[in-house]
Protein chains: 2
Amino acid sequence: MIDHIDKAILTVLQEDSTLSVAELADRVHLSTTPCWRRIQKLENDGIIARRVALLDAEKLNVGVTVLVEIRTAQHTAAWLKRFCEVVDGIPEVIEVYRMSGHIDYLLKVVVPHIAAYDGVYKRLISELEIFDVSSSFSMETLKHTTRLPLDYVS
Amino acid sequence: MIDHIDKAILTVLQEDSTLSVAELADRVHLSTTPCWRRIQKLENDGIIARRVALLDAEKLNVGVTVLVEIRTAQHTAAWLKRFCEVVDGIPEVIEVYRMSGHIDYLLKVVVPHIAAYDGVYKRLISELEIFDVSSSFSMETLKHTTRLPLDYVS
DNA sequence: TCTGAAAATTGTGCCCT
DNA sequence: AGGGCACAATTTTCAGA
């Protein structure tokens, strides 16, 4: 369903989606029309979910990443629904996972500095009934990519 | 330096960068030329870092996210350098943070299923001298966005 | 399914306000 | 700064091989 040419196209588009179809076609050794049709198909199939601009976190003054481990007091569907609504409404919270093991939820939060995290923390504990919160601060981002591996798809 | 019109432009582009300049200009109540000039400036200033295609993790068969906490045996610059090289070379590892506190590094890894994580784990422990590894599996992604908050920039 | 070219749309620069 | 207009480039469609 996805051959090596599609993978080549996706590899390029995951890095840079500003290239013209003609330039992209060149790189994958195709001419523009077939390349364009493949891109169209990848979009229709939802393989390409969206195209977005990635902004510079430092320049937006949100250079500090905080990982927040949360344990809930109530394991109910209602609590989960409320939890989703609350984290959805906090723009500093950019990722939320429900985890296996002793940590119930893990959040990734971006803020200008460690002190600014306090506002997000207070908002979480005031809007939600939480059993335990543990926050770890990232000192340095060593790798950060939106590029997913294409090795497992066929 | 970044006014509310720039923020409006960035808000749209963080969601969808496929819009034409004319359409984007419409949405921020500007005509195309000044809108285009603002976009140009945001790119030159590096506020807009890049434009990429975001792919569907499920459809690429990497629907399982693993959070890996690593403690190192050696706190040396050489070890860190080697560590960066190794994680850089593993496409399943998409984020790596150096943390404060008792966890030295945190990795975000994407794989098709929990069993497939074993390959990444073995690669990590074979290529690096590691004191302790603790892996947690995400059962569900409740929120995941590349949209950074624009509330802290001026 | 590819190539090549035409038609439609969009990006880019110039000049004016 | 913003707006209007003209031209360049690119996307998208459509013919033929």
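All values below were derived from every heavy atom in this structure, side-chain atoms included, with hydrogens, water molecules and symmetry-related copies excluded. Sequence lines set the chain letters: A, B, ... in the order given, protein chains first and strands last, and positions in each chain run from 1. Computed from a prediction, not measured in an experiment: that's the story for all the values here.
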Members of residues 14-22 of chain B that approach DNA chain D, where some heavy atom sits under 4.0 Å away: none
Exercise: do B/Tyr117 and B/Ser135 side chains pair donor with acceptor under 3.5 Å: yes
Close residues, residues 26-47 of chain B, relative to DNA chain D [heavy-atom separation under 4.0 Å]: B/Leu30, B/Ser31, B/Thr33, B/Pro34, B/Arg37, B/Arg38
Joint hydrophobic cluster, B/Trp79 plus B/Ile125, side-chain heavy atoms closer than 4.5 Å: yes
For the student: nearest non-hydrogen atoms of A/Ser136 and B/Met99, plus distance: CB-CE, 3.4 Å
A/Tyr105 vs B/Leu142 side-chain heavy atoms within contact, under 4.5 Å: yes
Salt bridge (Lys or Arg N to Asp or Glu O under 4.0 Å) pairs, two or more places apart, involving residues 141-154 of chain B: B/Glu15-B/Arg147
Distance, nearest 0.5 Å, that separates CG of A/Asp6 from CG of A/Leu13: 10.5 Å
pair A/Tyr121-A/Val111: side-chain heavy atoms closer than 4.5 Å: no
In one Ile/Leu/Val/Met/Phe/Trp/Tyr side-chain cluster, 4.5 Å: A/Phe83, A/Ile103: no
Separation of atom CZ in B/Arg51 from atom P in C/dT10, rounded to whole Å: 15 Å
